[in-house]
Amino acid sequence: MSSNTKRRCGVGIRGVAMAIDSIIWMALFMITVSAVGLVTGDLQTTSEGVETNLEGGAALAGLTLWLAVSILYHTVLEWRWGKTLGKYLVSIKVTGVDGKSPSLLGSLLRNLLRLIDWLPFFYLVGIVTIAVSKSDRRLGDRVGNTIVVRP
């Protein structure tokens, strides 16, 4: 079945999936920042729990690691299974425009451009590009040669 005969997904359902995946992103943030804090000695145990207070280069390393792990989360899951946890829970998936599984490079490009689609805040570039696209594709979908569909 080609992607043309499947239902393409617009902003709404994709937004719900992204909201769910944002919870994963926050968990990944806590894990990566804590890992950098552990390595740099900035991880402290208090009576209220564990705290990490990163500054300067350590903060930049934590942010960079978090972005890399978050992009890797989307890239690998979408390349291998066509969906992240958020997409799985709302029953949508990423395919190539030909309806086949996206390539690893396509998935990587799609997700690297997620950083631009997120600008200037709350996915505004991504929402606008999906809304004006006849094929409901954000910038990352266009560059990665992918589409999000209901299987």
Side-chain angles (χ1 to χ4, degrees), residues 1-40 52-151:
M1 176 181 284
S2 76
S3 63
N4 293 335
T5 60
K6 296 178 182 178
R7 294 187 307 163
R8 291 187 302 249
C9 297
V11 172
I13 195 68
R14 292 173 73 162
V16 173
M18 191 61 218
I20 295 167
D21 284 329
S22 292
I23 295 167
I24 305 293
W25 277 36
M26 290 302 106
L28 292 172
F29 179 78
M30 291 187 296
I31 292 167
T32 55
V33 166
S34 295
V36 170
L38 183 62
V39 169
T40 62
T52 305
N53 186 14
L54 301 179
E55 296 179 2
L60 181 60
L63 177 64
T64 302
L65 181 60
W66 170 63
L67 287 173
V69 169
S70 296
I71 289 169
L72 190 63
Y73 161 76
H74 282 272
T75 298
V76 171
L77 292 178
E78 291 175 357
W79 164 62
R80 182 67 180 96
W81 293 284
K83 53 187 89 176
T84 59
L85 180 60
K87 289 178 184 72
Y88 171 78
L89 291 174
V90 298
S91 300
I92 62 177
K93 72 183 283 184
V94 176
T95 69
V97 292
D98 59 2
K100 296 179 182 176
S101 295
S103 68
L104 178 58
L105 179 59
S107 184
L108 177 61
L109 291 172
R110 173 182 199 283
N111 287 296
L112 283 172
L113 288 197
R114 184 176 300 283
L115 300 174
I116 293 172
D117 285 328
W118 188 259
L119 296 173
F121 57 89
F122 301 117
Y123 244 88
L124 186 59
V125 169
I127 291 168
V128 170
T129 56
I130 292 169
V132 301
S133 169
K134 292 179 181 176
S135 57
D136 296 314
R137 295 168 71 200
R138 64 178 179 81
L139 183 60
D141 290 317
R142 295 172 194 200
V143 172
N145 206 26
T146 59
I147 193 163
V148 179
V149 297
R150 281 197 182 271

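Every heavy atom of this structure was used, including side-chain atoms; hydrogens, water molecules and symmetry mates were not. Quick caveat, the model's predicted, so the values are computed rather than measured.
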> Would a 4.5 Å heavy-atom cut-off, applied to side chains only, mark Leu124 and Val128 as touching?
Replying inline: yes
> With a 4.5 Å heavy-atom cut-off, do Asp141 and Arg110 have their side chains touching?
Replying inline: yes
> For Arg80, does the CZ atom have more than 12 heavy-atom neighbours from other residues, nucleotides or ligands under 6.0 Å away?
Replying inline: no
> Can you name the nearest heavy-atom pair linking Leu113 to Gly140, along with the distance?
Replying inline: CB-CA, 3.7 Å
> Between Ala17 and Ile92, what is the shortest heavy-atom contact and its length?
Replying inline: CB-CD1, 4.0 Å
> Step by step, would you call Asp136 with Ile147 a side chain to side chain contact (heavy atoms under 4.5 Å, CB included)?
Replying inline: CA-CA 8 Å; Asp136 296 314; Ile147 193 163; 6.0 Å; no
> Lys87 versus Val94: any side-chain heavy-atom pair under 4.5 Å?
Replying inline: yes
> Is there side-chain contact between Leu60 and Leu54, with at least one heavy-atom pair below 4.5 Å?
Replying inline: no
> Do Trp66 and Met30 come close enough that some side-chain heavy atom pair is under 4.5 Å?
Replying inline: no
>> Could you check whether any side-chain N or O of Arg142 sits under 3.5 Å from a backbone N or O of Thr129, counting only pairs where one atom can act as donor and the other as acceptor?
In response: yes
> Measuring from Ile31:CD1 to Leu65:CG, what's the distance to the nearest 0.5 Å?
Replying inline: 10.5 Å
> Of the options Thr146, Asp117, Thr75, which is the one that meets Asn111 in a side chain to side chain contact (heavy atoms under 4.5 Å, CB included)?
Replying inline: Thr75
>> Nearest 0.5 angstrom please: Thr95 OG1 to Glu78 CD, how far?
In response: 11.0 Å
> Between Met26 and Ser22, is any pair of side-chain heavy atoms under 4.5 Å apart?
Replying inline: no
>> Test side chain to side chain contact (heavy atoms under 4.5 Å, CB included) on Leu105 and Leu109; report intermediate values, then the result.
In response: CA-CA 6 Å; Leu105 179 59; Leu109 291 172; 4.0 Å; yes
> Between the main-chain N or O of Ile127 and the side-chain N or O of Arg138, is there a donor-acceptor pair closer than 3.5 Å?
Replying inline: no
> Do Leu89 and Val16 come close enough that some side-chain heavy atom pair is under 4.5 Å?
Replying inline: no
> How close do Ser91 and Pro151 get, heavy atom to heavy atom, and via which atoms?
Replying inline: O-CD, 3.4 Å
> Quick one: are Leu85 and Tyr73 in side-chain contact, heavy atoms under 4.5 Å?
Replying inline: yes
> Nearest 0.5 Å, what's the CG-CG distance between Leu72 and Leu67?
Replying inline: 12.5 Å
>> Which heavy atom of Ser107 sits nearest to which heavy atom of Trp79, and what is that distance?
In response: OG-N, 3.6 Å
>> Looking at every heavy atom in both Arg137 and Asn145, which two are closest together, and how far apart are they?
In response: NH2-CA, 3.6 Å
